[in-house]
Asks: 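First the structure, which I've put down as structure tokens, then a few questions once you've had a look.
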Amino acid sequence: MKLKSQINHVIENAFSKAGIPHKAMSVSEATKAEFGDYQFNGAMALSKKLGKNPREIANDIINHLDVTGLLSKVEIAGPGFINIWLNPLFVASECQLAVESERLNIAQRENPSKVVVDYSGPNMAKQMHVGHLRSTIIGDTLANLLHFLGDEVTRQNHIGDWGTQFGMLIAYLEMKDEDGSVSLKNLEIFYKDAKAEFDANPKFADKAREYVVKIQSGDAHCLTLWQKFIDISLGHCEEVYHKLNVNLSRKDVRAESFYNDDLSHVVSDLEKAGLLTQSQGAKCVFLEGDEIPVIIQKGDGGYLYATTDLAALRFRAKNLEADRICYVVDARQAGHFKQVFKVAKNAHFVDEKVKLEHIAFGTMMDKGGKPFKTRDGGTIKLIDLLDEAVNKAKDTINNKEQYTQEEIDALAKIIGIGAVKYADLSINRESNYIFNWDKMLSFEGNTSLYMQYAYARIQSIFRKYNAPINGKIIIGDALEHHLAVMLLRFEDMLNRTAIDASPNQLSTYLYELATLFMRFYEQNPILKEGINITEETKESRLALANLTAKTIKQGLDILGIEVVDKL
RNA sequence: GCACCUGUGGCUCAAUUGGAUAGAGCAUCAGACUUCGGAUCUGAGGGUUAGAGGUUCGAGUCCUCUCAGGUGUACCA
């Protein structure tokens, strides 16, 4: 439920009844338990505008506050904070609605947006490495989240399948004279071998250059070779997506080559709009305030990154009719996107009201805090990282449950992949990322395993109980109240996370929720032998545990992390 | 040179976008088990939020300067 807006509504009513000629600002979650569940800090801000003492204003507000139903207590504290306690009966009945609802009583958007999320974008000439991890899983999480909230999401995998290097690669594939299934097993080696041949053999180099032109002009033989190469390379990526539990498939691929035919139109349309300037032989757009222009067409007639991006932006805005376009790309390209977005709007390729967002994430650093260099060979292939994570997870499984080898494999996959994803998704995406193998594969503290464990414990209780869980939720003590309010905050948090496109808000929430549940569970036993609680209390606690489990599962599901009933 | 980003306990990160006494995890130390699953829970120590000014009822958050690090900076993507 949208808890905040309900409380805000009550405050707004008090504002109008009290005759305060201002819009009420939103309440926020209380920073401490002793301050209640929510707090309203607006009285201080209004003090100057109204020429009144903030405590007086706060008093005015609470005197006109309709506390029936929703709230149980309000209090003025400090300079004019209004502390708000929710009515336990209201909290209980809302939790009840959530636990009985298919989607935890979370509303689908009334006015869904059409959102394009551009993420992953691997280069077909190379194997995916650890640097591709962030774009892939942050983008996937964002797409999952927006979809869950009811937006119309289009995932776009803007793969790099076009450019001069492909002439060399397909010429080499042809030389190898096989279908590629052997030679393309390792793209790094294939690329290196092709490059060596290119440097050593002038005849081959000529052919490679010739093939570049031929692909671009639509030569059937070369296009067949090229298609074969792309298929195999894309197959490698799909293997990674599958292991990563990422929702990207072929239908989401809209490659660079897709926009190729439109590039000349981009140039002519910019020309018509009077935005193009010849400079040093190239066709450029100069933007106000920028020293460096956006180069649209090179001196030799070739097109650039920016040209393709403009074509893609126009396609997404006009053909896909997007209201919001999110680019999940490394923060180092901030300047590029700032410029391209501006050009797209100036040229009316994209309507002014369309939101263009660069969902930037920090650079991958090594342990010494230096940027991870892709050229120095030091890259770790993504697929190897994932396999390592799964192997490491296998070692940590204490085989109390007497699993079969097959079950262990399945479990290790869920734990290991979850750990890798969570390690990444739980940190603020904008800060630089220190790549640390140990931390990434650790299963202690704030990791996905903690949430998975909490979930499994709850399922274990249900197995023991072995009866339908449909009791009534009653808030029995402060800890239960705290847990229940946390559960009701889920929807507000998801909406905030969607606006900011910051998965770490979701992971922080889940960790807090799981921690709170563990405390609740230690303090308030449910089925423990020898305890003396009423049947009502037991059923209420079971229902709260059930809602906790459902919420954890739903949250992890958005992050693309699976849960299991037994660990 | 110019522009942008970052700087929070020993380490890795939070901080509801300007709110009350800056919170977690790891590590360290001390507790709780014939476990409703110990992959857990309870507690302790550890901070002048890089530094100096400023704005205001109130600053880790906004402004200015300094220092340190990172990134970008015309035909690669």
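By convention in this document, chain letters (A, B, ...) are assigned in the order of the sequence lines, proteins followed by strands, and residues within each chain are numbered from 1. If you're wondering where the values come from, they're calculated on a predicted model, not measured in any experiment. Side chains included, hydrogens not; waters and symmetry mates left out as well; all remaining heavy atoms used.
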Asks: Are the side chains of A:Tyr422 and A:Asn446 in contact, using a 4.5 Å heavy-atom criterion?
Replies: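 Result yes, sub-4.5 Å side-chain heavy-atom pair found.
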Asks: Send over the distance from A:Ile533 CD1 to B:C36 C1', rounded to a whole Å.
Replies: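 In whole Å, B:C36 C1' lies 10 Å from A:Ile533 CD1.
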Asks: Within the sub-3.5 Å range, which N or O atoms of nucleotides 11-13 of chain B have a protein N or O partner, and how far apart are they?
Replies:
{"unit_1": "B:U12", "atom_1": "O2'", "unit_2": "A:Lys439", "atom_2": "NZ", "d": "2.7"}

Asks: Answer yes or no as to whether B:U40 has its base stacked against A:Tyr453, where stacking requires a ring-centre separation under 5.5 angstrom and planes under 30 degrees apart.
Replies: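 It does not: the ring fails the test against the base of B:U40.
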Asks: Assign the ring pair A:Phe166 / A:Phe229 to parallel, tilted or perpendicular, where the plane angle (0 to 90°) is split at 30° and 60°.
Replies: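 Judged by the thresholds at 30° and 60°, the geometry between A:Phe166 and A:Phe229 is perpendicular.
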Asks: Distance check, P atoms only: B:U64 and B:C4, in whole angstrom units.
Replies: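 Approximately 10 Å lies between the P atom of B:U64 and that of B:C4.
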Asks: With respect to the side chain of A:Met518, which nucleotide from B:U73, B:A74, B:U40 is positioned closest?
Replies: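 My answer, after comparing the listed nucleotides, is B:U40.
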Asks: So what does A:Ala334 hit on the nucleic acid, given a heavy-atom distance under 4.0 Å: a base, only sugar-phosphate, or nothing?
Replies: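 Result for A:Ala334 = nothing.
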Asks: Roughly how far apart, to the nearest Å, are B:G60 and B:G9 at atom P?
Replies: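 Rounded to whole Å, the distance is 14 Å.
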Asks: Side-chain donor-acceptor pair under 3.5 Å between A:Thr534 and A:Thr537, yes or no?
Replies: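 A:Thr537 and A:Thr534 do have a side-chain donor-acceptor pair below 3.5 Å.
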Asks: Is any side-chain heavy atom of A:Ile359 closer than 4.5 Å to a side-chain heavy atom of A:Tyr327?
Replies: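 Counting from C-beta outward, A:Ile359 and A:Tyr327 never come under 4.5 Å.
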Asks: Side-chain donor-acceptor contacts of residues 281-293 of chain A below 3.5 Å, not counting sequence neighbours, with atom names and distances?
Replies:
{"unit_1": "A:Asp290", "atom_1": "OD2", "unit_2": "A:Gln339", "atom_2": "NE2", "d": "3.2"}

Asks: Given B:U71, B:C36, B:A74, which nucleotide is nearest the side-chain atoms of A:Arg332?
Replies: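 Nearest listed nucleotide: B:U71.
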Asks: What's the gap between B:C62 and B:A20 when it is taken at their P atoms, as a whole Å value?
Replies: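 Approximately 16 Å lies between the P atom of B:C62 and that of B:A20.
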Asks: Does some side-chain heavy atom of A:Asp330 sit less than 4.5 Å from a side-chain heavy atom of A:Ser135?
Replies: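 The answer is no, as the side chains (C-beta and beyond) never meet within the 4.5 Å cut-off.
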Asks: Does A:Arg519 have any salt bridge (charged side-chain N to carboxylate O under 4.0 Å, His left out) partners at least two apart in sequence or in another chain, and if so, which?
Replies: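 Applying salt bridge (charged side-chain N to carboxylate O under 4.0 Å, His left out) to A:Arg519 gives none.
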Asks: Which is it for B:U17, anti or syn, if anything within 90° of zero counts as syn?
Replies: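 Here B:U17 takes the syn form, which means its glycosidic angle is within 90° of 0.
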Asks: Base, sugar-phosphate alone, or nothing: which one does A:Phe462 contact when heavy atoms must sit under 4.0 Å apart?
Replies: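 The residue A:Phe462 makes no contact with any strand.
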Asks: Rounded to whole Å, please give me the gap between OH in A:Tyr450 and P in B:G38.
Replies: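 To the nearest whole Å, that distance equals 12 Å.
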Asks: Check every atom of B:U40, B:C36, B:A74 against the side chain of A:Pro525 and return the nucleotide holding the closest atom.
Replies: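 Among the listed nucleotides, the one closest to the side chain of A:Pro525 is B:C36.
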Asks: Would you sort out whether A:Lys195 and A:Asp199 count as a salt bridge (Lys or Arg N to Asp or Glu O under 4.0 Å), showing the intermediate values?
Replies: CA-CA 6 Å; A:Lys195 185 77 170 63; A:Asp199 291 338; 3.3 Å; yes
Asks: Contact class for A:Gly160 vs. all strands (heavy atom < 4.0 Å): base, sugar-phosphate, or nothing?
Replies: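 Here A:Gly160 touches no strand at all.
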Asks: Any base atoms under 4.0 Å from A:Ile292, or only sugar-phosphate, or nothing? Heavy atoms, all strands.
Replies: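 Sugar-phosphate contact only.
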Asks: Provide a list of protein-nucleic acid N or O atom pairs under 3.5 angstrom, restricted to nucleotides 42-45 of chain B.
Replies:
{"unit_1": "B:U42", "atom_1": "OP1", "unit_2": "A:Arg519", "atom_2": "NE", "d": "3.3"}

Asks: Between B:U73, B:A77, B:C36, which nucleotide gets closest to the side-chain atoms of A:Lys464?
Replies: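 Selected nucleotide (nearest to the side chain): B:C36.
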Asks: With RNA chain B as reference, determine whether A:Gln280 or A:Tyr521 sits nearer its 5' end, using the nearest nucleotide of each.
Replies: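 Looking at RNA chain B, the more 5' nearest nucleotide goes with A:Tyr521.
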Asks: Mind checking if A:Gln523 touches a base, just sugar-phosphate, or nothing, with heavy atoms under 4.0 Å?
Replies: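 Here A:Gln523 touches no strand at all.
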Asks: Side chains of A:His336 and A:Asp309: any donor to acceptor distance under 3.5 Å?
Replies: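 Distance-only check passes for A:Asp309 and A:His336.
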Asks: Taking the P atom of each, how far is B:U66 from B:C29, in whole Å?
Replies: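 Straight-line distance between the two P atoms is 45 Å.
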Asks: Contact class for A:Ala456 (heavy atom, under 4.0 Å): base, sugar-phosphate, or nothing?
Replies: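 The answer is base, as A:Ala456 lies within the cut-off (heavy atoms under 4.0 Å) of a base atom.
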Asks: Can a side-chain donor-acceptor contact be found between A:Thr508 and A:Gln505 if the only test is distance below 3.5 angstrom?
Replies: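 No, A:Thr508 and A:Gln505 have no side-chain donor paired with an acceptor closer than 3.5 Å.
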Asks: Relative to each other, are the rings of A:His358 and A:Phe337 parallel, tilted or perpendicular (30° and 60° limits)?
Replies: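 Aromatic pair A:His358/A:Phe337 classed tilted.
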Asks: Taking atom C1' in both B:A22 and B:U49, compute the distance separating them and give it to the nearest angstrom.
Replies: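 Per the computed distance, 8 Å lies between those C1' atoms.
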Asks: For a side chain to side chain contact (heavy atoms under 4.5 Å, CB included) check, start with the C-alpha distance between A:Arg254 and A:Phe315, then their side-chain angles and the critical distance, and finish with the verdict.
Replies: CA-CA 11 Å; A:Arg254 190 101 55 183; A:Phe315 178 82; 3.6 Å; yes
Asks: By the 4.0 Å heavy-atom rule, please label A:Leu304 as base, sugar-phosphate, or nothing.
Replies: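 If one applies the 4.0 Å heavy-atom cut-off, A:Leu304 turns out to touch the sugar-phosphate alone, with no base involved.
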Asks: As a test of reading the structure: which of B:A74, B:C41, B:C36 is closest to the side chain of A:Lys528, going by heavy atoms?
Replies: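 The listed nucleotide nearest to A:Lys528's side chain is B:C36.
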Asks: Name the stems that RNA chain B belongs to, where each is three or more consecutive Watson-Crick or G-U pairs with both distances under 3.5 Å?
Replies: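 Stem segments, range with range: B:1-7 with B:67-73, B:10-13 with B:23-26, B:28-32 with B:40-44, B:50-54 with B:62-66.
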Asks: Under 4.0 Å between any heavy atoms, over every strand shown, what does A:Lys538 touch: base, sugar-phosphate, or nothing? Just pick one.
Replies: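 Touches nothing.
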Asks: Just do the side chain to side chain contact (heavy atoms under 4.5 Å, CB included) check on A:Ile561 and A:Gln452 with the steps written out, would you?
Replies: CA-CA 9 Å; A:Ile561 297 171; A:Gln452 288 168 330; 3.6 Å; yes
Asks: What does A:Lys48 touch in the nucleic acid at a heavy-atom separation under 4.0 angstrom: a base, only the sugar-phosphate, or nothing?
Replies: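 Contact class for A:Lys48: sugar-phosphate only.
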Asks: Please determine whether side chain to side chain contact (heavy atoms under 4.5 Å, CB included) holds for the pair A:Arg332 and A:Thr363, giving the CA-CA distance in whole Å, both sets of side-chain angles, and the decisive distance to 0.1 Å.
Replies: CA-CA 7 Å; A:Arg332 283 177 288 194; A:Thr363 309; 3.5 Å; yes
Asks: For A:Asp500 and A:Asp565, find the nucleotide of RNA chain B closest to each by heavy atoms; which residue's nucleotide sits nearer the 5' end?
Replies: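 That would be A:Asp500.
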Asks: Looking at every strand, decide which applies to A:Thr164 at a 4.0 Å heavy-atom threshold: base, sugar-phosphate, or nothing.
Replies: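 If one applies the 4.0 Å heavy-atom cut-off, A:Thr164 turns out to touch nothing in the nucleic acid.
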Asks: Quantified in whole Å, what is the P atom distance between nucleotide B:A14 and nucleotide B:A24?
Replies: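 Nearest-Å result for B:A14 against B:A24 at atom P: 16 Å.
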Asks: Encode nucleotides 18-25 of chain B as B, S and - characters from 5' to 3', where the letter depends on protein heavy atoms closer than 4.0 Å: B to the base, S only to sugar-phosphate, - to neither.
Replies: -BBS-SSS
Asks: If we count only N and O atoms by modelled type, under 3.5 Å, do the side chains of A:Ser426 and A:Asn504 hold a donor and an acceptor together?
Replies: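 Side-chain D/A pair, A:Ser426 to A:Asn504: absent.
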Asks: Atom OH of A:Tyr303 to atom P of B:A77: distance rounded to whole Å?
Replies: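 In whole Å, B:A77 P lies 13 Å from A:Tyr303 OH.
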Asks: Taking it one step at a time, do A:Tyr450 and A:Tyr453 satisfy ring-ring contact (aromatic ring centres under 6.0 Å, His included)?
Replies: CA-CA 5 Å; A:Tyr450 186 81; A:Tyr453 181 67; 7.7 Å; no
